[in-house]
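Some notes on the structure that comes next.
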Amino acid sequence: MTEVKTGDTVAIHYTGMLNDGSTFDSSAGRDPLEFVVGSGQIIPGLDKALPGMEVGDKKTVEVPSAEAYGEANPANRQAVPREQIPADIPLEVGLTLQMQSPDGQQAIPVTVAEMSDEEVILDANHVLAGKDLTFAIELVDIKAA
């Protein structure tokens, strides 16, 4: 049997779960996720679990936040005066908005973290930052490098 090695293109089915057991993402009902092992296309903790697997292998991988989306950075939270948010946007905690980068060249997704009558706290951290993750994975295919 062929084992996965760095540089191989692989296809996996996966279910990503939080510590409370809730699922945050899954390939169920979709095509498997295809990527090059070791290329940085997926989170490091999952990437390093693949070498040595063979087609048909299944495993559960615990990924600490540092090897997933990193720790939440307090500097990525910003208070914005509420009057600077267009009135036609129905604000609520958890809502995802788009902000422009300071140079105006890219859209940055932000989440409404807190609100008051005076200001809105926007959080640009990845929604999974600071969270330890668990993945149930199945190796579906290997295309050797």
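The figures here come from the full heavy-atom set of this structure, side chains too, leaving out hydrogens, waters and symmetry mates. The structure presented is a predicted model; accordingly, all values stated were derived computationally and were not measured.
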Original post:
So, D25 and R30, do they make that salt bridge, N to O below 4.0 Å?
Top reply: yes
Original post:
Under 4.5 Å between any side-chain heavy atoms of V4 and L139, yes or no?
Top reply: yes
Original post:
Which heavy atom of S39 sits nearest a heavy atom of D47, and at what distance?
Top reply: N-OD2, 3.9 Å
Subject >> K58/H13 under side chain to side chain contact (heavy atoms under 4.5 Å, CB included): CA gap, chis, key distance, verdict >> reply: CA-CA 9 Å; K58 296 179 182 183; H13 273 299; over 6 Å; no
**OP:** Using the rule that two of Ile, Leu, Val, Met, Phe, Trp, Tyr join whenever any of their side-chain heavy atoms come within less than 4.5 Å, decide whether L33 and V36 are in one cluster.
**Re:** no
Original post:
In Å, rounded to the nearest 0.5 Å, how long is the span from CE of M53 to CD1 of I12?
Top reply: 8.0 Å
Original post:
Does the T111 side chain pair with the main chain of L95, one donor and one acceptor, at a distance under 3.5 Å?
Top reply: no
Original post:
Does R77 pair with E114 as a salt bridge, N-O distance under 4.0 Å?
Top reply: yes
Original post:
Under the side chain to side chain contact (heavy atoms under 4.5 Å, CB included) criterion, do L91 and I85 qualify, and how do the steps go?
Top reply: CA-CA 9 Å; L91 291 176; I85 309 263; 3.9 Å; yes
Original post:
Does the side chain of T15 reach to within under 4.5 Å of the side chain of F135, using non-hydrogen atoms?
Top reply: no
Subject >> Heavy-atom pair of closest approach, residues V61 and G45 >> reply: CG1-O, 3.9 Å
Original post:
Would you say the side-chain atoms of N125 and N73 include a donor-acceptor pair closer than 3.5 Å?
Top reply: no
**OP:** Return the orientation label for the H126 and Y69 ring planes: parallel under 30°, perpendicular over 60°, tilted otherwise.
**Re:** parallel
Subject >> Distance, nearest 0.5 Å, that separates CD of E34 from CD of Q41 >> reply: 9.5 Å
Original post:
Side-chain contact, heavy-atom cut-off 4.5 Å: L18 with T134?
Top reply: no
